[in-house]
**Q** 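The structure under discussion is supplied below as structure tokens; questions concerning it will follow.
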Amino acid sequence: MYMALSREFFDRDPPAVACELLGKVLTRHTRKGVMKGRIVETEAYLGQGDEASHTACGKTRRNASMFGPPGIAYVYTIHARFCFNVVTESAGTGSAVLIRALEPLTGIQQMRERRRRCVARDLTRGPARLCEAFGLNRDWDGWDLTLGKRLWISRGDVLRSGAWAQSSRIGISQDKELPLRFFLTDNRFISGPSRLNRP
DNA sequence: AAAACGATCTACT
DNA sequence: GTAGATCGTTTTG
């Protein structure tokens, strides 16, 4: 069967984890059955030195779980929606990877029920959209994703070399461009490329 | 207590 | 491509 990713997998620098999460499978079991989605887009947030990270200004009630051990979830609200991250590196570092888009695999009916009136392609294309489809909210903040229980991430397909690409971070003003965003090339469920900065 | 803000989405052009 | 919605969290007075 499919094994949950280990704590060691997440106990590395965020860009490495963000890159290798591509192709992995997010699974959630509910009373209605199982939902699976292939991770196709991610974004790394470094620790406290990173201006764009929620932990840049230290620990608050909202971001507390981001200072926890690697492999636990950090779920926060933004614009009346939720976003789902996985904590990376050792406890106290404050780094994480944001899951930006999934390719729906199984349990699509269940996802559609949570996301009425949306076209199939938009079901899980975007960080807040996938949270709605999977029913992820602040209740999941701090959940240990290495346990392989009701919500976890397992190995997916073996990716051929060059199946992924990286780009600069968007949506934040910085003096330097950082290669922190990753996505599977030629996947129709990524949200990024149409919105990325181009020369 | 009030105001400002944000790792976004939808609808519409 | 973008204006407007939406509301919890943090910051400010």
Side-chain angles (χ1 to χ4, degrees), chain A residues 10 13-19 21-22 26 37 39-68 70 72-89 93-104 111-143 145 153 165-184 188-199:
Chain A
F10 297 104
D13 65 291
V17 176
C19 171
L21 274 176
L22 296 176
L26 177 67
I39 297 172
V40 298
E41 184 180 345
T42 58
E43 185 161 7
Y45 286 87
L46 313 180
Q48 287 181 279
D50 184 359
E51 286 280 323
S53 175
H54 281 183
T55 55
C57 297
K59 194 172 181 176
T60 64
R61 174 133 91 257
R62 174 164 82 144
N63 66 21
S65 59
M66 223 175 136
F67 287 98
I72 70 170
Y74 168 49
V75 183
Y76 67 89
T77 64
I78 181 91
H79 287 83
R81 292 176 169 84
F82 298 102
C83 288
F84 171 70
N85 306 250
V86 188
V87 175
T88 54
E89 299 181 291
T93 307
S95 65
V97 172
L98 171 68
I99 310 299
R100 293 194 57 89
L102 302 174
E103 175 181 337
M111 299 180 202
R112 285 207 71 89
E113 285 172 17
R114 293 199 184 77
R115 282 182 56 70
R116 318 237 156 205
R117 75 181 181 288
C118 97
V119 298
R121 184 161 171 264
D122 288 344
L123 213 49
T124 55
R125 191 178 60 117
R129 288 169 175 164
L130 70 89
C131 281
E132 186 173 30
F134 272 63
L136 303 179
N137 54 37
R138 274 233 103 187
D139 293 345
W140 292 96
D141 186 51
W143 177 268
L145 291 153
I153 301 173
Q166 70 180 47
S167 71
S168 300
R169 174 149 54 203
I170 61 166
I172 191 89
S173 58
Q174 296 188 139
D175 38 359
K176 57 187 175 233
E177 295 266 318
L178 296 173
L180 297 179
R181 191 165 177 183
F182 300 83
F183 54 88
L184 286 185
R188 66 193 232 92
F189 293 96
I190 55 180
S191 69
S194 64
R195 300 161 60 186
L196 297 178
N197 300 327
R198 295 191 183 164

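Chain naming here is simple, since letters A, B, ... match the order of the sequence lines and numbering starts at 1 in each. Only heavy atoms go into these numbers, but all of them, side chains included; no hydrogens, no water, no symmetry mates.
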**Q** Taking CG from A:Leu130 and P from B:dT8, how many angstroms apart are they, rounded to a whole number?
**A** 12 Å
**Q** State the OG1-CD1 distance between A:Thr88 and A:Ile72, to the nearest 0.5 angstrom.
**A** 11.0 Å
**Q** Could you check how far OH of A:Tyr74 sits from P of B:dG6, rounded to whole Å?
**A** 14 Å
**Q** With side-chain contact (heavy atoms from CB on, under 4.5 Å) as the criterion, how do A:Arg100 and A:Ser191 come out once you've worked through the C-alpha distance, each side chain's angles and the decisive distance to 0.1 Å?
**A** CA-CA 8 Å; A:Arg100 293 194 57 89; A:Ser191 69; 3.9 Å; yes
**Q** Does A:Arg121, at its CZ atom, have more than 12 non-hydrogen atoms belonging to other residues, nucleotides or ligands within less than 6.0 Å?
**A** yes
**Q** Measure CZ/A:Arg181 against P/B:dA7 and give the value in whole Å, please.
**A** 13 Å
**Q** Do any N or O atoms of the protein come closer than 3.5 Å to N or O atoms of nucleotides 9-13 of chain C, and which pairs are they?
**A**
from: C:dT10; atom 1: OP1; to: A:Thr60; atom 2: OG1; distance (Å): 2.4
from: C:dT10; atom 1: OP1; to: A:Arg62; atom 2: N; distance (Å): 3.0

**Q** Kindly state whether the pair A:Tyr45 / B:dA7 counts as stacked, where counting means centroids closer than 5.5 Å and planes tilted less than 30° apart.
**A** yes
**Q** If a pair means Watson-Crick or G-U wobble with both distances below 3.5 Å, what does DNA chain C look like in dot-bracket form, with | marking bases paired to a different strand?
**A** |||||.||||||.
**Q** The side chain of A:Ala128 lies closest to which of these nucleotides: B:dT8, C:dT6, B:dA7?
**A** B:dT8
**Q** Would you kindly say whether A:Ser65 and A:Asp141 are connected by a side-chain donor-acceptor distance under 3.5 Å?
**A** yes
**Q** Tell me whether the centres of the aromatic rings in A:Phe84 and A:Phe82 are closer together than 6.0 Å.
**A** no
**Q** To check you understand the geometry: which heavy-atom pair defines the closest contact between A:Pro127 and A:Cys83, and what is its length?
**A** CB-SG, 3.9 Å
**Q** Dump the pairs, protein N or O against N or O of nucleotides 10-13 of chain B, anything under 3.5 Å, distances to one decimal.
**A**
from: B:dT10; atom 1: OP1; to: A:Arg115; atom 2: NH1; distance (Å): 3.2
from: B:dT10; atom 1: OP1; to: A:Arg115; atom 2: NH2; distance (Å): 2.8
from: B:dT10; atom 1: OP2; to: A:Arg129; atom 2: NE; distance (Å): 2.5
from: B:dT10; atom 1: OP2; to: A:Arg129; atom 2: NH2; distance (Å): 2.4

**Q** Which one of A:Leu136, A:Ile39, A:Val40, A:Thr124 satisfies the side-chain contact (heavy atoms from CB on, under 4.5 Å) criterion with A:Ile99?
**A** A:Ile39
**Q** So, taking the atom named CZ in A:Arg62 and the one named OH in A:Tyr74, what distance separates them when rounded to the nearest 0.5 Å?
**A** 4.5 Å
**Q** Has A:His54 got a side-chain N or O lying under 4.0 Å from the OP1 or OP2 atom of B:dA7?
**A** yes
**Q** Could you go through the salt bridge (charged side-chain N to carboxylate O under 4.0 Å, His left out) check for A:Arg181 and A:Glu41 one step at a time?
**A** CA-CA 8 Å; A:Arg181 191 165 177 183; A:Glu41 184 180 345; 2.4 Å; yes
**Q** Which heavy-atom pair separates A:Met66 from A:Ala96 by the least distance, and what is that distance?
**A** CE-CB, 3.8 Å
**Q** Rounded to the Å, how far apart are A:Arg125 CZ and B:dT8 P?
**A** 14 Å
**Q** Once you round it to whole Å, what is the distance between P of B:dA4 and NE2 of A:His79?
**A** 15 Å
**Q** Nearest whole angstrom, please: distance from the C1' of B:dC9 to the CG of A:Leu123.
**A** 14 Å
**Q** How far apart are the closest heavy atoms of A:Phe189 and A:Arg125, and which atoms are they?
**A** O-CG, 3.0 Å
